[in-house]
Each structure stands twice: as C-alpha cells, then as structure tokens.
Trainee: 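The structure follows.
Residue numbering restarts at 1 for every chain, and letters A, B, ... go by the order of the sequence lines. In this text the structure is predicted, and so the values were computed from the model without any measurement.
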Amino acid sequence: MPPASTSSRAGKKAEAAPPDQRPGGLPDAGSRRDRGARLLSWYDRHRRVLPWRAAPGERADPYRVWLSEIMLQQTTVATVGPYFQEFLRRWPTVLDLAAADLDDVLRAWAGLGYYARARNLHRCAVAVARDHGGRFPDTEAELRHLPGIGDYTAAAVAAIAFDRPAAAVDGNVERVLARVFRVEEPLPAAKPRLRALAGALVPEARAGDHTQALFDLGATICTPRRPRCILCPWQPDCAASAAGVQEDLPRKAAKAEKPTRRGTAFLLCDGDGAVLLRRRPETGLLGGMMEVPSTDWTGTVPGADAVRAAAPLPGIGWRPVPGTVRHTFTHFHLELEVLAGRVPQPAPSVPGAVWVPRAGLEAEALPTVMRKVLRHALAADAAGPDGDGLAGDGLAGDGLDEDEGADG
DNA sequence: GACTCGTGGGA
DNA sequence: TTCCCAAGAGT
C-alpha cells in the first residue's frame, strides 16, 4: 500500500524544473500522476509478450502468475520459459500441482536451481488447495502467508493477477527507481527507501500493468549496463540521467569473496551400467535432490582416510577419472575429483542409495553440478584405457551434455 | 542485517 | 577467465 504522498501541492507545472531536487525524496502528486501515465502509455506500445502474461485487457490466471513469479526469482526469462511450459503442461491447475508427488516436482525443477523454491512451490499448492478451496487468495496480506511467497511475490501476484495496488519491488524496480530518484545509498541499505518510492508510484487503476511496465522498463531500457535512456519514457524525470550518473546506480555493497571447496565424488556402476545415486538431505544445499556419493565439500582436499570413509562400498578398485569438475554456486566454488568403480552383477544393495539405469538418469532429480560429474566421468569411462565401453551408447541421447565444467 | 541457497548467459 | 547479474525467500 502506497504511503500518503508527502505534499498536497499538485500543480507546479509552470516551472520546467529539473526532476526532484531532493535526491531520494518522494515525488509530489502531480509529477507522480504524470510519470505514471507516461509509463502506462509506453507499456501499451512496448509491452513484451511472455508465456505467463494475459493478453491486453484479459484477466491473468493467478496460478500462472504465481508459478511464473516463483520460477523467475533470481532467474532469467529465457531460462524459465521451457520450465514454465512444461509445468503448465503437466500440472495445468494448482489442484493438479497440489496432487503431484514432490519428487516429480523436483525432477521437473532439476536444473533451475534454488531447489527450496520447488519444495515451497509444492507446499504452497497444497496450502491453496487445502486452505483456500483451490483458489489463490486475492490480497497481498493473505498471499504473504503462503510458503515461498515473500514481500515481493505477494505484491506481484496481488497486482498482476488481481490488480491490487501493491508495490512489487524486485531488482528491476530497485534499479529504475534508484536512477530516477538518484538514490546514492548502496543496496541493500537503500531497500526501505526504494520501497517507499515504489509504493508512492502505484496507481489505483491498472496496478498490474504498472508493475509489469516497470519490469519491462528495467529489462529493456533501464538495463544494468548501458541503459538506453534515449528511449525511456521517464528520461525527462530521471535525476541520474540528468546528472549523467545512471551507469553508477544503483550502488551496491561490496560482496564477499567466494571460497573454494573441494571434494571427491564416486561414480559406481554395475555390470549393466546402472549408476549408484543417493538423495541429499531435505534441507540445505541442493536439498532433496539426487547426487553421486561423495566426501564432504570442505576447504581442503580430502585425505585418503576421508575418501575411504566416504566410499559407498568397501573393497572397490577405484580408478581416478582424469580432470576436475568445477562448478560455482552462489557463495562458493567447488572442485570435485572423481573416482570411478564397478561392481559385478548382481549389484549389491547399498543402504540409502539406489541403482539407476543409464537411460533413466536424465529424468532423475539431478542438479546441474551432478550432471556435470556424470557427464565427465561417464565420458572418461567410455574413452578409458580399458576400452571396456562402459558408457556404451548411453551418452548420445541421455541429455547429460558436456560443458566447461571439467578439465584434464 | 548477514548468510544460505543454483544456474546460465553476457560483457 | 572472471565477474556480474536475473520477476527473492527463509533463517
């Protein structure tokens, strides 16, 4: 809900004054309305067509809006596209998703990252089905109570799906407003100020279009680098542009350096090429996803004792796979050495682990880092000195594409 | 507030 | 190669 405007003077249009002289101050009512009208006019001419968006004038489906907003958290439109379509195909309504098995949801989410989102997505669907009769609540406050829905998503769904006058402040909006009002304070300390500015701009009518207009403006005009100010409907109002400092805003606090963690992973195959996998703990990094067994990932190379203790079976003739699998998470780099081994048929059962046939790997809930490990180790295995063709024909069509994660 | 939590693409 | 970033939430 927008805070009350800070001024009652509404008509000082005689002065062609530069935009808000007080950096970071709230706009007066007159300039606010004018800005809002220009933004919506621009949006009507330049709105992007996206899979989750309703056609102009049509009502958005709250389920699609919510699903897209969860997927789009810290994730690009291009990445989300195929996942959104596939989820919609498999689970056309929130009730379908609520009835799905969590593991199926995790499998479908694999590769998209931030896997707590997938667990909360399912929990949220169940809550909507059980507590709200299968219909999303239409207020920001009620939405905010659902799993996986924070301040931003509650406002976005309320505005886009229900046209409520809510201020959805994401990275795009923060950037646009930090520039328009020349907010010099760095993020994240500037967030309260930016939220207040965003709230003051929300119109009573067409709040959903206003919200999406800000997204589009941030995505196509007011971009992080080289903003295209000449095309911006707010350029006449923009304090940063007037001062030529738009490229410097928003300022951001320095980030911590990423440490490197290291570990040893075990690729164990049976005589048919099936791979031994286990499920990670429900919470924490890659929570609930599948993985190949490995040592802990720590700041130092695991010693022989640690490697032996972490091996899924004793007495395996482990062969080192040449090279290193590298992967970068949000807050650390990971370097994995891989040991490959084999057991004869019939493969022994391993507590807490499962044998997955080669052809079934792609459908597993395997995060990208584990697909890198498998691709790396299986490729090396196929080309190994034994020439035993363990990988056989399994690589061409199993979707485990090689990337730059391995060297050697 | 400070951390944790993925991934892929672009400069 | 390295860094930055993308429609953030939970603890």
Trainee: Does dT1(C) have OP1 or OP2 under 4.0 Å away from a side-chain N or O of Arg326(A)?
Mentor: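 Indeed not, no polar side-chain atom of Arg326(A) lies that close.
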Trainee: Write down the distance between CE (Met289(A)) and P (dT4(B)), rounded to a whole number of angstrom.
Mentor: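 Roughly 21 Å, once rounded to whole Å.
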Trainee: What residues in residues 106-115 of chain A put a non-hydrogen atom under 4.0 Å from any atom of DNA chain B?
Mentor: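 Here the set is Gly111(A), Leu112(A), Gly113(A), Tyr114(A), Tyr115(A).
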Trainee: Scan residues 152-165 of chain A for pairs that pass salt bridge (Lys or Arg N to Asp or Glu O under 4.0 Å), counting only residues two or more places apart or in two chains.
Mentor: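 Pairs touching residues 152-165 of chain A that pass the test: Asp138(A)-Arg164(A).
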Trainee: Specify the residues of residues 207-230 of chain A, ordered by number, for which at least one heavy atom lies under 4.0 angstrom from an atom of DNA chain C.
Mentor: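 Result for residues 207-230 of chain A: Phe215(A), Pro224(A), sorted by number.
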Trainee: Nearest to the side chain of Asn172(A) - dA6(C), dG10(C), dG6(B)?
Mentor: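 So the side chain of Asn172(A) is nearest to dA6(C).
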Trainee: So Pro147(A), base contact, sugar-phosphate only, or nothing? Heavy-atom distance under 4.0 Å.
Mentor: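 Sugar-phosphate, no base atom in range.
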Trainee: Return the residues of residues 67-81 of chain A meeting this criterion: a heavy atom under 4.0 Å from some atom of DNA chain B. Order them by number, or give none.
Mentor: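 Going residue by residue through residues 67-81 of chain A, the ones with a heavy atom under 4.0 Å of DNA chain B turn out to be Gln74(A), Thr75(A).
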Trainee: Taking 4.0 Å as the cut-off, does a side-chain nitrogen or oxygen of Lys252(A) come that near to OP1 or OP2 on dC4(C)?
Mentor: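 The answer is no; no side-chain N or O of Lys252(A) sits under 4.0 Å from OP1 or OP2.
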Trainee: With heavy atoms under 4.0 Å as the rule, sort Gly287(A) into base, sugar-phosphate or nothing.
Mentor: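 It contacts nothing in the nucleic acid.
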Trainee: For Arg117(A) and Pro192(A), take the nucleotide of DNA chain B holding the closest heavy atom to each; which residue's nucleotide lies nearer the 5' end?
Mentor: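 Nearest-nucleotide comparison on DNA chain B picks Pro192(A).
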Trainee: Phosphate oxygens OP1/OP2 of dG6(B): is one of them under 4.0 Å from a side-chain N or O of His327(A)?
Mentor: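 For dG6(B), OP1/OP2 do not have a side-chain N/O of His327(A) under 4.0 Å.
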Trainee: Check DNA chain C against residues 88-97 of chain A and give the residues with a non-hydrogen atom under 4.0 Å, in numerical order.
Mentor: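 Listed by number, there are none.
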Trainee: Side chain of Tyr152(A), heavy atoms from C-beta onward: which of dA7(C), dA6(C), dG10(C) has the nearest atom to it?
Mentor: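 Per side-chain heavy atoms of Tyr152(A), the pick is dA7(C).
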Trainee: Give the residues of residues 40-64 of chain A touching DNA chain B, defined as any heavy atom closer than 4.0 Å, sorted by residue number.
Mentor: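 Result for residues 40-64 of chain A: none.
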Trainee: Under 6.0 Å between the ring centres of Phe84(A) and Phe87(A)?
Mentor: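 No, they do not, as the ring centres are separated by 6.0 Å or more.
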Trainee: Atom CG of Leu143(A) and atom C1' of dA9(C): how far apart are they, to the nearest Å?
Mentor: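 Nearest whole value for this atom pair: 15 Å.
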Trainee: So, does Thr153(A) get its side chain near the phosphate of dG8(C), meaning an N or O under 4.0 Å from OP1 or OP2?
Mentor: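 Indeed not, no polar side-chain atom of Thr153(A) lies that close.
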